[in-house]
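Each ligand, and each atom within it, is numbered from 1 in the order the structure gives. Side chains included, hydrogens not; waters and symmetry mates left out as well; all remaining heavy atoms used. What you are looking at is a predicted structure, and each value in this text was computed from that prediction instead of being measured.
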Amino acid sequence: MATPFLLLLLLLYPFTSSAAIIATEFLYPNFTATVINYVDNAGVFLNSRNATFKAAIYNPGQQSKHYYLTLLHGPTNTPVWSANHNSPIPDHGLVNLSPVGLSVAHPNGSLLWSTPPLPSPVRALRLLDTGNLLLVDASNATLWQSFDHPTDTLLSGQPLRAGSSLRSPVSDTNFSKGDYRLTITTSDAVMTWKESQLYYSISTDARYFKNSNADISFMVANSTGLYLLSTNQKVIFHVFLAASSFRIMKLDSAGRFQIISYSTANSSSSLNDRFVAPSGDCDLPFSCQTFGLCNSGANGTSCTCPALFATSKTGGCSPADGSLLASTCGDNSSISYLSPGSGIIYFANKFLMPITVGQDISACQSLCSGNCSCVAFVYKSSSRSCYALEHQLGSVFYSKEGETASGIMNVKTLLSGSPQPISGESTSRHLIPILLPSIVVFLLIIVVIFMGIIWWMRQRLRKSGPSIRRSKSTVMKEIQLGRQKSKTTVAAAGAKRRSSGNHESDDDDDDISILGLPTRFTYAELEAATWNFSTKIGSGGFGAVYKGKLPDETLVAVKKIGNIGLQGKKEFCTEIAVIGNIHHVNLVRLRGFCAEGTKRLLVYEYMSRGSLDRSLFGVGPVLEWQERIDIAIGAARGLAYLHTGCEHKIIHCDVKPENILLDERGQARIGDFGLAKLLGPEQSGLFTTMRGTRGYLAPEWLTNSAISDRTDVYSFGMVLLELVRGRKNRSVGPSEGESGSAGWSESTGSGGSGRRYFPMVALEAHEQGRYGELADPRLEGRAAVAEVERLVRVALCCLHEEPGLRPAMGSVVAMLEGTAEVGEPRVDSLNFLKLYGRGFAEPAGNGYFFGPGGYNIGSVCGTATATSSGSPSYLSSQQVSGPR
Ligand SMILES: *[C@@H]1O[C@H](CO)[C@@H](O)[C@H](O)[C@H]1NC(C)=O
Ligand SMILES: *[C@@H]1O[C@H](CO)[C@@H](O)[C@H](O)[C@H]1NC(C)=O
Ligand SMILES: *[C@@H]1O[C@H](CO)[C@@H](O)[C@H](O)[C@H]1NC(C)=O
Ligand SMILES: *[C@@H]1O[C@H](CO)[C@@H](O)[C@H](O)[C@H]1NC(C)=O
Ligand SMILES: *[C@@H]1O[C@H](CO)[C@@H](O)[C@H](O)[C@H]1NC(C)=O
Ligand SMILES: *[C@@H]1O[C@H](CO)[C@@H](O)[C@H](O)[C@H]1NC(C)=O
Ligand SMILES: *[C@@H]1O[C@H](CO)[C@@H](O)[C@H](O)[C@H]1NC(C)=O
Ligand SMILES: *[C@@H]1O[C@H](CO)[C@@H](O)[C@H](O)[C@H]1NC(C)=O
Ligand SMILES: *[C@@H]1O[C@H](CO)[C@@H](O)[C@H](O)[C@H]1NC(C)=O
Ligand SMILES: *[C@@H]1O[C@H](CO)[C@@H](O)[C@H](O)[C@H]1NC(C)=O
């Protein structure tokens, strides 16, 4: 009786004794572990010196069936690497370290994973505090390291080399290879689904900046950002991330690449700042499964089915008529096509390459019918391009660009009863007989409901009278963005805010502490730095700008904001904190500020080459064509970042050459962003009289539509045309002297009738396909006609009267860089330029758009946070004393 028990004890003895010991940093051969001996430590058998990382036989999700040799980040227990990810071991599986290497084996002895043959015997296994697991030999040389064989995760300092990739896991509990891959190529970092379908690339992500054109050698993250570098460490692409000494970058099972930052490697909670690529869930290939329609809203994303499709039992959506989506090669006798309707685009639309161009939609359809790997096709009538989709269908979403830009999608279906008509613009009338009855019914229902509501409102009004009327008018006001607010409302709001400002200064605010405020200077410091404001280098709409030198020898531009109608110090600091935290190579960086008494100063980086208008319209050497293209791309990137790249969307509202500055390398940087918020109520009128503003204002300032990021796109389009031509678009008018460009005369003007409105000239030339003559004559033909055409077409797309038809700034960047197809300008939405050209009303910025009631610029221009803080800057036109 006692003997077997003793035997058992003896057998267990070595295991139970070793169970308590977790090695630190080094493990030496011969070493064998099963999860049984380390069960008390959750499988951990080796810690790095600071226990920042640990090596374990790990069962994700505690299912106790499938175990992986895994490296975990200690404080968060995040798996960052696994050895046998494709072949998990059961709980008796073995991890073995021998002089030959490291291996993982099934309990029956079959090898499931091992390190490759090594040149010399292993002296030790070493786990570093960086998360790197090494095999070293007797001379401490590294024989093998886990950093060279990443699975789904990269760590700070770990390079991912060109040609290698990260692979998503199947799920959080199954580490097998999933469907997504992030690959570094010599020119890009791309993400693919099911090996072939591209769905993301760094070169089309507006958050990244391209710094040079050399071949990429590897990608690596450090405390300042994520970088793609060449062999000699030159930065090719980079994105700045919030400063942090440790990051975990993971490709998750849905195909998202997420960068999670920690203040130190030992911290267990991450910083708020997360970088996710692609940035929207609807850009993921399978966010809503096969042909699901992804809708992104305030509450995240939701999935529905497109028209003519219904929820499928197997997930995703399938044709509502009972036919099947084509997925494999098979009987193709009963192929037909279903279109989900216009405006719905495939997740990978912007990465598809046309298979043919210049043929009609029926040719495109036959190509798809004749190829059994084709599961759907997209036809763009604007460019007559045909795109085929292969293998498996992913998700779709609503395009923001409209159907001419995105094309019409047709999905191949099989075994359907009656063939469906193909859907393109030309055949849409076939749908009328089907749709008409349902539309009529729908309209009837709407009318009935509407009548009901009106009746109900009348009843309520009769009962409770004034209260409901008041709330209705409030709604109206909100709809009109405060434009029609009466003078008294504005005055009241202004007074209220001023009093709150006074209240605040009573509190004494010199120790206002707001997270992320840039350096605060005293007035005396700035006075000394600018040699008592002696070197004036400009005068923007917000005040004069002086050159200065800080004690650390860096040159700065100090902007002295006029001292009338100031915001409260706290509001000012809140804005400064937001602006000061925006860093981008194409934005002028705020170095610091001063808020003392009524004095408000901003300290910016010094831009040695001044503003674009000086280089473009000035007397100096003519700006070369390539420089102009680089400036256009740089400025577009800067604006795209303001619109989408930072936490708070920022609408600039005053894009013009005067606000595009050039640094010593000639790189364009946008200045003066976010400043509209800093103006006090009396001062805001300055906004209207800024030089050059006239001519860049979008028509919606004049009409009643809302101001949005597309308002900046319009102004940018005007700047693009000026870059092409090298002169002001509008050269008539008393306020504009064209000092620098006097030596050359207009060649397109008809019969010497003076300078014509250039946007109109460009539109006419576009209609006639004569782009060559639009280039700046001073370039003497050094601009390729194809490139002039590209810029002009992009510019015209930006100028569409209907803001919704203008491309987003990110698309403008892609079109300028040539990574996206240039859209087709819609002449019907551009004809207003001809009106402007013939002298009809144009938003002129002098009394037109700031009516007596004032226009609430603060609520639309500048940062979005402050809008909700309840202290918008009301503008009025009472104060029109511009700076010059
Ligand atoms: C480890 O095992 C190998 C053979 O399996 C043996 O040759 C070697 O001597 C052992 N090393 C130690 C340090 O026990
Ligand atoms: C890491 O953090 C843990 C607790 O969070 C702490 O106990 C430990 O001392 C820290 N280690 C180092 C090296 O700072
Ligand atoms: C060990 O078990 C695995 C999985 O059950 C099996 O595939 C393999 O053939 C077995 N090997 C041997 C040598 O029995
Ligand atoms: C390990 O901890 C020590 C003491 O806290 C610290 O000084 C050192 O920087 C840490 N090393 C790493 C690699 O984190
Ligand atoms: C190898 O590294 C360890 C730890 O850093 C050190 O103790 C040892 O002396 C080194 N051996 C050689 C041969 O350099
Ligand atoms: C993990 O996923 C793969 C691929 O879908 C599947 O073949 C495998 O059985 C799964 N493994 C486990 C342990 O669930
Ligand atoms: C991060 O890496 C980039 C590229 O090599 C380099 O320019 C930058 O100085 C590094 N940052 C730090 C804090 O080391
Ligand atoms: C968002 O979610 C909240 C809470 O779940 C819900 O009350 C609200 O209706 C949702 N809004 C939308 C637009 O779906
Ligand atoms: C199916 O398509 C293939 C490939 O084009 C073609 O060769 C074949 O004739 C088609 N079969 C039928 C039944 O149309
Ligand atoms: C089918 O289409 C794919 C990709 O569009 C192409 O690679 C393949 O050659 C085509 N097959 C035939 C038979 O045309």
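Residue contacts with ligand 7, taken as heavy atom pairs separated by less than 4.0 Å, do not involve V220 at all.
Polar contact check, Y227 against ligand 7: no nitrogen or oxygen pair lies under 3.5 Å apart. Close N/O approach between N222 and ligand 7 is found [any backbone or side-chain N/O within under 3.5 Å].
Salt-bridge annotation for E817 and R637: present, with a side-chain N of the basic residue lying under 4.0 Å from a carboxylate O of the acidic one.
Residues E605 and R669 have side chains in contact (heavy-atom distance under 4.5 Å, counting atoms from C-beta outward).
Ring orientation note: the planes of W81 and W113 are nearly perpendicular, at an angle over 60° on the 30°/60° scale.
Contact residues for ligand 6 (protein heavy atom closer than 4.0 angstrom to any ligand atom): H66, V170, N174, S176.
Looking at S156, its side chain does come within 3.5 Å of a backbone N or O of R247 through a donor-acceptor pair. A donor-acceptor pair under 3.5 Å links the side-chain atoms of S48 to the main chain of F53, judged by distance alone.
Around atom CG of N77, more than 12 heavy atoms belonging to other residues, nucleotides or ligands sit under 6.0 Å away.
Within the listing of ligand 7, atoms 13 (C) sit less than 4.0 angstrom from a heavy atom of S223.
You'll find the ring centres of F31 and F45 inside the 6.0 Å limit.
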